[in-house]
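Order of the sequence lines sets the chain letters (A, B, ...), proteins ahead of strands, with each chain counted from 1.
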Amino acid sequence: MKKRYEPGEIELKWQEIWAQKGKNIFSSRVSKTAPKFYCLEMFPYPSGKIHMGHVRNYAIGDVIARYKRMRGYNVLHPMGWDAFGLPAENAAIKEGVHPARWTHENIAYMKKQLVRLGLSYDWSRELATCLPEYYRWNQWFFIKMYEKGIAYRKASFVNWCPSCSTVLANEQVIEGKCWRCDSTVIQKELEQWFLRITAYQQELLDAADSLAGWPQKVVLMQKNWIGRSEGLEAMFRVEGSDESIVVFTTRADTLFGARFICLAPAHPLAEKFAEPGALAKIREHYGKVDEKHGLFTGRYAINPANGEKIPIYVANFVLMEYGTGAIMSVPAHDQRDFEFAQKYGLPVKVAVKPEGGEEIPEGKAFEEDGILADSGPFTGLKSAEARAKIAGFIEGKGMGRRMVNYRLRDWGISRQRYWGTPIPIIYCEHCGAVPVPEKDLPVILPEDVKFTGTGASPLAEAENFVNTVCPSCGGKARRETDTMDTFMDSSWYYVRYCSRKDEPALDKENLRYYMPVDQYVGGVEHAVLHLLYSRFFMRVIRDLGLSEVPEPFQRLLTQGMVCMETTRCPEHGWLYPSEAEGGVCAKCGRSVERGRTEKMSKSKRNVVDPDHLIKTYGADTARLFSLFAAPPENDLQWSEKGVEGAQRFILRVWAFIHDNMERLEAVKGQLPEGKSPLLRKTHQTIMRVTRDIEREYHFNTAIAAMMELVNTLTAFEPAESGPENREDLRQMRFAVEKMLLLLSPFCPHVAEELWEAIGMPASIRLESWPGYDEEAAREEEIELVIQVNGKVRTKIMVPHGLPDDELKTRAMALPRIQDAVAGRQVINIFAVKGKLVNIVIR
RNA sequence: GCCGGUGUGGUGGAACUGGCAGACGCGCCGGACUCAAAAUCCGGUGAGGGCAACCUCGUGGGGGUUCGACUCCCCCCACCGGCACCA
């Protein structure tokens with residue numbers, strides 16, 4: 001064993017060994033006997049290089065995977081690439097590299113980085129979503145959904161840059177302008193494909209409460225996103241017409257306060273009643289959170305509750321996509337309606353008064369519940385009761401019904417982009433939209449296309465691709481040229497992992513064994529979309545009869561962001577850490593401004609390069625610090641000093657074993673026989689580390705416990721000679737072995753190396769997680785805390801397990817306590833769990 | 001605006017279901033080693049007071065429940081996150 005710890009050398013050595021013994025060293029096979037554990041981290045977009053967020057994410061997952069293996073689970077721990085997406089296409093436009101090449105080169109580099117981190121993946125299941133053998137299943141799912149009516153086509157608006165004549169993603173629209181040419185982005189209506197996630201909305205909502213292994217925050221975000229609300233649909237007849245307007249309201253109790261009706265600009269009756277030019281003006285303001293604009297149609301509607309005649313407006317703020325596209329406006333009890341009424345000089349009528357009898361505040365709407373006023377037979381009722389009664393009244397008149405509405409919309413998956421899965425649809429002049437037959441899948445994304453960044457999508461101009469024949473009638477036809485949202489790729493990739501590359505995808509037996517994912521780890525930024533789409537997809541998969549599992553992810557861990565202090569030079573702007581050493585700008589020597597700690601980002605330059613980190617300190621240190629500095633769900637503040645501290649810990653372990661090698665070797669294979677503080681500490685440490693990992697993966701405290709054990713070890717002085725010497729050495733060896741086992745999921749390389757160095761024959765990754773003896777972990781003497789009136793007065797050592805009465809007696813007998821109590825009346829004495837006594841005096 | 005979360009030393013963070021606040025790490029201070037420095041090792045380190053043993057205060061602020069509150073309840077403040085004309 002070398003005196004010096006050289007992480008680069010030993011890490012490469014072990015990575016080679018792990019890779020060499022066949023590609024299957026961390027691979028999993030379906031087993032009849034072993035329980036499975038599916039550990040998954042969110043797969044990365046191959047942007048070029050991994051960043052510290054990946055390091056943290058994958059370090060967390062790897063500890064879990066390695067720990068569970070040691071606990072005897074058949075662990076499935078796969079990795080792959082979320083390989084379709086916009087950046088590849090942008091690189092093609094900017095640098096002329098083909099997206100495929102760009103993507104594959106990035107994957108190759110990033111895979112090396114992941115291997116270099118010592119992550120224990122089953123690479124036999126590696127996938128890249130941009131490969132036809134993967135995306136053909138996107139297409140297959142699409143067709144199945146089409147057959148079931150879950151995939152459908154309808155017109156909808158997209159962001160359109162008139163100057164580039166191209167469609168823009170939301171994130172490419174910056175303050176209403178095109179990110180590339182700065183022209184104003186407009187809304188253009190296109191026919192697009194949608195997936196009917198709303199068919200599952202109630203199930204997704206109901207089942208959200210069963211996600212016990214998820215952070216409550218994420219569950220809540222999903223519930224809010226689905227946004228269920230119960231209310232009343234009420235029908236307002238239009239005066240002098242056969243038409244009627246149906247509105248949705250959650251506040252049936254305010255029905256008597258309705259002063260006017262507002263239609264969404266896209267409402268069919270808006271079209272019918274409003275003057276086209278004026279309507280077009282209103283439509284310009286639709287969907288924008290600016291001022292409210294309205295247009296009187298000249299028509300009136302009849303309130304079904306009291307027969308009142310109220311005007312009908314068209315208003316820009318009324319959404320066509322929610323409810324019925326029409327609302328009853330109650331300016332007294334809805335702030336938006338109030339603002340609208342103010343602007344157009346419309347009347348306000350109070351229908352609900354505060355319960356306490358206080359005055360309604362001026363100048364705004366009173367939106368709370370209260371007591372009904374001026375509401376015919378319902379006057380005097382409380383809001384909650386009135387809502388039910390009025391709804392029943394309207395229903396009884398056949399003028400409406402109780403309704404549930406959801407905020408959730410169907411999932412638009414069409415993207416006018418090249419680098420994605422082609423939507424497998426063919427448009428025939430005679431037959432219309434025809435799905436590509438299953439036998440013709442995959443529809444291959446052609447590689448020979450031009451990237452201009454303007455005009456139609458490259459795919460639309462690829463004649464060879466577009467022109468085809470109708471699978472139904474054999475006539476001339478054109479292919480759909482839109483591609484799928486990349487969230488489609490990530491909605492089921494965890495299912496693909498259940499089968500190896502050489503096995504058929506979606507194999508039922510594999511799914512039965514491996515699904516659901518037992519532990520999913522990733523960033524909270526996917527709390528809604530990715531995770532909700534996946535839950536939706538899993539239900540579709542269930543309904544296709546491929547799996548019985550509705551929920552894809554049993555447990556979810558959302559790790560916090562990796563943050564770092566920002567530094568700025570007054571002249572040169574944001575600085576990289578290396579440009580701000582010693583607090584001065586490397587370019588001009590001026591002292592830098594220290595900004596706030598923020599999420600690492602290239603734009604702020606507050607980043608640490610994982611390559612550099614690993615080169616300087618090694619993967620074990622990088623992993624250890626990422627896990628030690630904060631609990632996983634918290635944000636982590638990067639600190640170079642902290643990294644050095646993590647390395648120092650590894651160095652101490654190394655040095656200790658190196659310096660005690662002879663002693664450790666002398667007692668190889670021997671077990672300790674007696675009891676001692678060191679043995680107790682060892683058992684306590686195993687207990688703490690196990691508990692901390694099991695209980696919400698608190699790796700930071702688990703590592704702290706290991707540090708304590710190492711501190712105890714380095715302070716341990718074995719007897720110089722005699723039988724005590726042998727026993728002490730046996731205890732020392734015992735502690736060292738257990739400590740290495742505990743350390744191995746966190747710092748696998750150095751653990752392997754030291755395990756080998758102390759003469760253990762097999763790789764440490766094949767060892768079992770150490771057990772502990774609760775008896776042996778128990779302190780023989782405990783420190784009894786003695787309080788007077790809740791304040792600590794003194795502490796004494798007492799044997800473990802004394803009865804409460806004895807503790808009280810001993811506490812009262814202490815001279816210090818006698819002094820404190822002297823002249824006062826003892827009212828009560830509490831003894832708590834054999835470790836604390838509180839004496840209450842007056 | 002609505003919903004949710006967080007607030008503990010100089011600092012990152014500990015504290016199991018109401019029972020010793022500050023584990024572990026970083027930083028800082030002192031010491032050893034060294035010609036010297038770095039590295040390493042040892043010791044100290046919440047604030048205030050006292051020669052001392054000890055005492056007082058202290059978990060964003062204010063109140064409450066309790067023998068006892070970082071932990072439970074009410075009000076307020078600050079910061080972070082999600083949603084945002086969803087009727």
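Contacts of A:S329 with the nucleic acid, taken as non-hydrogen atoms under 4.0 Å apart, are absent. Using a 4.0 Å heavy-atom cutoff across all strands shown, A:R842 reaches no nucleic acid atom at all. A:I327 comes within 4.0 angstrom of a nucleotide base, judged by non-hydrogen atoms across all strands. A:D334 comes within 4.0 angstrom of nothing in the nucleic acid, heavy atoms only. Here A:V318 lies in heavy-atom contact (under 4.0 Å) with a base.
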Between the protein and nucleotides 43-49 of chain B, which nitrogen or oxygen pairs are less than 3.5 angstrom apart?
none

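The side-chain heavy atoms of A:M1 and A:W654, taken from C-beta on, include a pair separated by under 4.5 Å. Using a 4.5 Å heavy-atom threshold, the side chains of A:F746 and A:F628 count as separate. Contact of the A:I829 side chain with the A:M812 side chain is registered, since non-hydrogen atoms from C-beta on lie closer than 4.5 Å. By the 4.5 Å heavy-atom criterion applied to side chains, A:D337 and A:F317 are counted as neighbours.
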> Under a 3.5 Å cutoff on both atom distances, Watson-Crick or G-U, what's the dot-bracket for RNA chain B ([ ] crossing, | other strand)?
Replying inline: (((((((..(((......[....)))((((((.......))))))((((....))))..(((((..]....))))))))))))....
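The phosphate of B:rA87 has OP1 or OP2 within less than 4.0 Å of a side-chain N or O from A:S229. Phosphate contact (OP1/OP2 of B:rA39, side-chain N/O of A:R4, threshold under 4.0 Å): absent.
RNA chain B lies under 4.0 Å from no heavy atom of any residue of residues 558-567 of chain A.
With a glycosidic angle further than 90° from 0, B:rG68 counts as anti.
Comparing the P positions of B:rG60 and B:rC29 gives an interatomic distance of 29 Å, to the nearest angstrom. If you take atom P in B:rU17 and the same atom in B:rC70, they sit 16 Å apart, rounded to whole Å. Across B:rC72 and B:rU59, the matching C1' atoms stand 16 Å from one another, rounded to whole Å. Taking the C1' atom of each, B:rA23 and B:rU8 are spaced 14 Å apart, rounded to whole Å. The same atom, P, is picked in B:rA39 and in B:rC28; the two are 10 Å apart, to the nearest Å. A gap of 25 Å separates the C1' atoms of B:rA47 and B:rC79, to the nearest Å. Taking atom P on both nucleotides, B:rG25 is separated from B:rC42 by 11 Å, rounded to a whole Å.
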> How would nucleotides 6-30 of chain B be written as a contact map, 5' to 3', with B for base contact, S for sugar-phosphate-only contact and - for no contact, using protein heavy atoms under 4.0 Å?
Replying inline: ------BSSSB--BB--BBSSS---
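Across B:rC55, B:rA87, B:rC3, the shortest atom-to-atom separation from the side chain of A:L319 is found for B:rA87.
Protein atom CZ of A:R407 is 8 Å distant from nucleotide atom C1' of B:rA84, rounded to whole Å.
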Less than 3.5 Å apart, which donor and acceptor atoms pair up between the side chains of residues 780-795 of chain A and the rest of the protein, not counting sequence neighbours?
unit_1: A:N789; atom_1: OD1; unit_2: A:I841; atom_2: N; d: 2.9
unit_1: A:N789; atom_1: ND2; unit_2: A:I841; atom_2: O; d: 3.4

N/O donor-acceptor pairs under 3.5 Å from side chains in residues 247-267 of chain A, not counting sequence neighbours:
unit_1: A:T249; atom_1: OG1; unit_2: A:R251; atom_2: N; d: 2.9
unit_1: A:R251; atom_1: NE; unit_2: A:D253; atom_2: OD1; d: 3.0
unit_1: A:R251; atom_1: NE; unit_2: A:D253; atom_2: OD2; d: 3.3
unit_1: A:R251; atom_1: NH1; unit_2: A:E367; atom_2: O; d: 2.9
unit_1: A:R251; atom_1: NH2; unit_2: A:D253; atom_2: OD2; d: 3.0
unit_1: A:D253; atom_1: OD2; unit_2: A:S383; atom_2: OG; d: 3.0
unit_1: A:T254; atom_1: OG1; unit_2: A:R251; atom_2: O; d: 2.8
unit_1: A:R259; atom_1: NH2; unit_2: A:E308; atom_2: OE1; d: 2.4
unit_1: A:R259; atom_1: NH2; unit_2: A:E308; atom_2: OE2; d: 3.3
unit_1: A:H267; atom_1: ND1; unit_2: A:L269; atom_2: N; d: 3.1

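The environment of A:K217 atom NZ is sparse: at most 12 non-hydrogen atoms of other residues, nucleotides or ligands sit within 6.0 angstrom.
For the pair A:T714 and A:R652, the tightest heavy-atom approach, listed with the atom from each and the gap, is OG1-NH2, 3.7 Å. When all heavy atoms of A:A705 and A:V689 are compared, the closest pair comes out as CB-CG2, 4.1 Å.
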